[in-house]
Peer 1: 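Provided herewith is a single structure, encoded as structure tokens, for subsequent inquiry.
Just so it is clear, the model here is predicted, and its values are computed rather than measured. Atom set for the values below is all heavy atoms of this structure, side chains included, hydrogens, waters and symmetry mates excluded.
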Amino acid sequence: VTGGIGGVHRGAEESWDVSADLTELGKTPVAVVCAGAKSILDIPKTLEYLETQGVPVVGFGTEFFPAFFTPSSGLKASCSVSSSAEAA
């Protein structure tokens, strides 16, 4: 469990500043429970990067990806589950 994952930083088109944990999530068979990407990051690009790494983004009890301090970024998660049994 973590507060928020890293992500693609704003302006990454020029700086290529992407948090290393996103690449690692695509390589390591692990489930991460978090409050979404930190709100200072580029959340749409973060979700796109996770998709290209083959990382499913699952909303627990919601269809939307959270934005760390808020329950919804307004962007949809890949899928949604409503119970821990369903998530497992």
Peer 1: Would you confirm whether S73, through its side chain, and F65, through its main-chain N or O, come within 3.5 Å as a donor-acceptor pair?
Peer 2: yes
Peer 1: Has the side chain of T28 got a donor or acceptor atom that lies under 3.5 Å from a matching backbone atom of V30?
Peer 2: no
Peer 1: Which distance, rounded to the nearest 0.5 Å, do you find between the NZ of K38 and the NE2 of H9?
Peer 2: 8.5 Å
Peer 1: Tell me, which pairs form a salt bridge (Lys or Arg N to Asp or Glu O under 4.0 Å) where one or both residues lie in residues 51-60, sequence neighbours left out?
Peer 2: none
Peer 1: Closer than 3.5 angstrom, by distance alone: can the side chain of T62 be matched with the main-chain N or O of G59 as a donor-acceptor pair?
Peer 2: no
Peer 1: May I ask whether L75 and L41 are part of the same hydrophobic cluster, defined by side-chain heavy atoms of I, L, V, M, F, W, Y residues being less than 4.5 angstrom apart, directly or through others?
Peer 2: no
Peer 1: Quick one: do V32 and V57 end up in the same hydrophobic cluster if we chain Ile, Leu, Val, Met, Phe, Trp and Tyr together by side-chain heavy atoms under 4.5 Å apart?
Peer 2: yes
Peer 1: Give a yes or no on whether I43 and V55 share a hydrophobic cluster (residues Ile, Leu, Val, Met, Phe, Trp, Tyr; joining criterion: side-chain heavy atoms under 4.5 Å apart).
Peer 2: yes
Peer 1: So does Q53 have more than 12 non-hydrogen atoms from other groups sitting under 6.0 Å from CD?
Peer 2: yes
Peer 1: Could you name each residue pair satisfying salt bridge (Lys or Arg N to Asp or Glu O under 4.0 Å) that touches residues 21-30, not counting sequence neighbours?
Peer 2: none
Peer 1: Taking G6's backbone N and O only, do any of them form a donor-acceptor pair with S19's side chain (distance below 3.5 Å, no angle check)?
Peer 2: no
Peer 1: Which heavy atom of R10 sits nearest a heavy atom of D42, and at what distance?
Peer 2: CG-N, 4.0 Å
Peer 1: Do S83 side-chain atoms and E86 backbone N/O form a donor-acceptor pair below 3.5 Å?
Peer 2: yes
Peer 1: Identify the heavy atoms of L25 and L50 that sit nearest to each other, and give their distance.
Peer 2: CD1-CD2, 4.2 Å
Peer 1: Return the minimal non-hydrogen interatomic distance between G7 and L22, and the atom names on each side.
Peer 2: CA-CD1, 3.5 Å
Peer 1: Hydrophobic clusters join Ile, Leu, Val, Met, Phe, Trp and Tyr when side-chain heavy atoms are under 4.5 Å apart, directly or via other members; which others share one with V58?
Peer 2: F60, V81
Peer 1: Quick one: closest heavy-atom pair of F64 and K76, and the distance?
Peer 2: CE2-CG, 3.9 Å
Peer 1: For G4 and C34, work out which heavy atoms get closest and say how close.
Peer 2: CA-CB, 4.3 Å
Peer 1: Between CG of L47 and OG1 of T52, what distance do you get to the nearest 0.5 Å?
Peer 2: 11.0 Å
